[in-house]
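Notes for the one structure printed next.
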Amino acid sequence: MIIQIPVISLVFFLLMALIVPLFKRRNFAVTTTLGLIVLLIVWVLTVVLVRDVYLNGPFTYAFGNHESFIGLELLVNLFSAGFALFMLSLIIIIYVYSTSDATEGIAEKEYGRYYILLFILLFAMFGILYTNDLFNTYVFMEILSITTVSIISIKRKKENYTASFRYVMLNEVGSLSYLFGVALLFMVTGHTNIDLVAASIQSSFDDYTANIVTALGFMLTGIGIKAAIFPFHIWLPDAHSTAPTSSSAILSGLVVKLYILIMIKMLFRLFGFDIVSAMNIHIVLMMIGAFGMIMGSVFAIGQTDVKRMLGYSSIAQVGYIVLGISLGTVLGLQAAFFHVLSHGLMKAALFLSVGAVIYHKGVRKVKDFNGMASEMPVVMTVFGLAALGMIGIPLTSGFISKLNLGLASLDANQGYLIIIIIVSGLLNALYYLPILIAAFLKSNKPGDLGLKVEPIPRLMMVPIVVLGLLIVYFGLFPNMILSWFEEIAVVLL
Amino acid sequence: MSFLQTIIDHINYIGAVAIFVIGLHTVVTHSNLIKRIMGINIMGMAIFMFFVAIGSVTGGKPPIIDGDGGPYINPLPSVLILTGIVVVVSITVYSLSLVIRIYETYGTIDQNELLKRMQEEDES
């Protein structure tokens, strides 16, 4: 039974996406409740799966029981199941929020379509995490990018069309260069299964160096475009800032991270870090990451639209993760994984709280945030927590990930990277603090200090508060999750 | 002569890469949105040709076993490419529909013109 869980979760998501149109005539609450039930069932199943993998070790599931060199294979280990659990948990939180705020900019009869796309997106995310096949990864990547772009363009606004067109063009170039890499590897190895390809790369690297290195370059470029790593980031701010709020949180917090996870899988399982470091790819990644950390923040400083600013901030945060990966040590990977988690939480909290402000006040410019804290105290407190986490103030999860990244770079004898981490943190402060100062210290109406909870729906408030609590929780008690990430990293290296 | 011989021996791979680069050039440099979609298609087709070329065996027959024996071509790349074609078709359809929407709202499908009109709207 447990061995079937990955497939069952995939089928659940697809079925849910198919069922949504059937409830078109009913009250919309029926659809959202059903969706929540499906998500919770899959969440429980994934918890069971993670527990089983933790106790009994990884296993593979072959479709149709074909052998791995013919058939498709799913690999379930702590890496895939653990991150599936994390992504699903975060999506449940965002989903609860979206049930009352999917409305922003979407016509009422299209709510259903939004949820269809959301469930297909989940299907593709789980597929990418579990699959153990290069070509299958490509197919899931395409499903993911086409659903993502549909979610961006579901709002019938002018700028959404151009943003999604740019997104689809660049992402397509990315996926096609990934596919070209797969073709080159297939030429050398004759397999698409990751384990088999990895084994034959190790044995035939000396004979087919040119092919394998070209494939590595194509695949890295492709995934780099899709993950918005610094020089390929131009599509991200428009796409993420024009999407509906709840899906901005999913896109920025999870989808970009998913491509980073594919990159980790590729660098460490497919090619092996020995080949990567023999080609000095890790130095290139380190420079790209460091540049991204600085440049993303620099771009963000001048932005007047808060959601656009958050988009640029994502580019900088992806830089941190790439930097952690490029160190190639257990500590570095551990820090990168922790930052995937903490940035997911913080970015979701930021986008959702900005979304609540947009919902309640209809404003999204930085200058309109004056005195916002007296009108929306809870939402702005969570926004403040997440922003402080982005800067790296202690007691938040952002501090822990920066601390670990700093320790990892010292451990790898790259101490100068700490300077870059600190400079990037200061740049973050330059664009987050003005909002906090405006919201908490400037007031439009002097004397109005009565504490009142803002009148937004409960279902929007609860997820925001939960995210705020989680940020503080992981800032105070990171040890358990860090030891998990250490186990995952040790297996990968 | 050995250099020329190498080129002739690998003409299928070199051709595929050349077409790939042509497609990429179209996507990156052209300002007409429909031409850019065509560029994506050209890139895709180059990869599909490359895949099929990998699977071919000199003197090979289609892999339908009829008792004659002899070398067969590798069927797996061709099957993978069927999936790839479907994916590229759906992406093309989607981006063409986006171009229709862009044309309806802005009245142009030229990237530079589009940027100009968007800036004008921002200012007004």
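For the side chain to side chain donor-acceptor pair (under 3.5 Å) with R117(B), the lone residue among E113(B), Q119(B), E121(B) that qualifies is E113(B).
Using bins of under 30°, 30° to 60° and over 60° for the plane-to-plane angle, the ring pair H240(A)/W235(A) lands in the perpendicular bin. Taking the six-membered ring where tryptophan is involved, the planes of Y138(A) and F135(A) are tilted, since the angle between them lies from 30° to 60°. Aromatic ring pairs are classed by plane angle as parallel below 30°, tilted from 30° to 60° and perpendicular above 60°; the pair F186(A) and F51(B) is tilted. Under the 30°/60° scheme for interplanar angles, the aromatic rings of F180(A) and F50(B) are found to be tilted.
Contacts between L33(B) and chain A at a heavy-atom distance below 4.5 Å involve backbone atoms as well as side-chain atoms. Residue I37(B) touches chain A through both its backbone and its side chain, counting heavy-atom pairs closer than 4.5 Å. For Y103(B), no part lies under 4.5 angstrom from a heavy atom of chain A.
When the candidates L80(B), I102(B), V28(B), T105(B) are compared by the number of heavy-atom contacts under 4.5 Å with chain A, L80(B) comes out ahead. For the options V139(A), L170(A), V173(A), heavy-atom pairs under 4.5 Å to chain B are most numerous at V173(A). Of the listed residues V168(A), V182(A), L179(A), the one with more heavy-atom pairs under 4.5 angstrom with chain B than any other is L179(A). By number of non-hydrogen pairs under 4.5 angstrom with chain B, the leading residue of E142(A), E159(A), M187(A) is M187(A).
Using modelled atom types and a 3.5 Å distance limit, the side chains of N41(B) and T92(B) yield a donor-acceptor pair.
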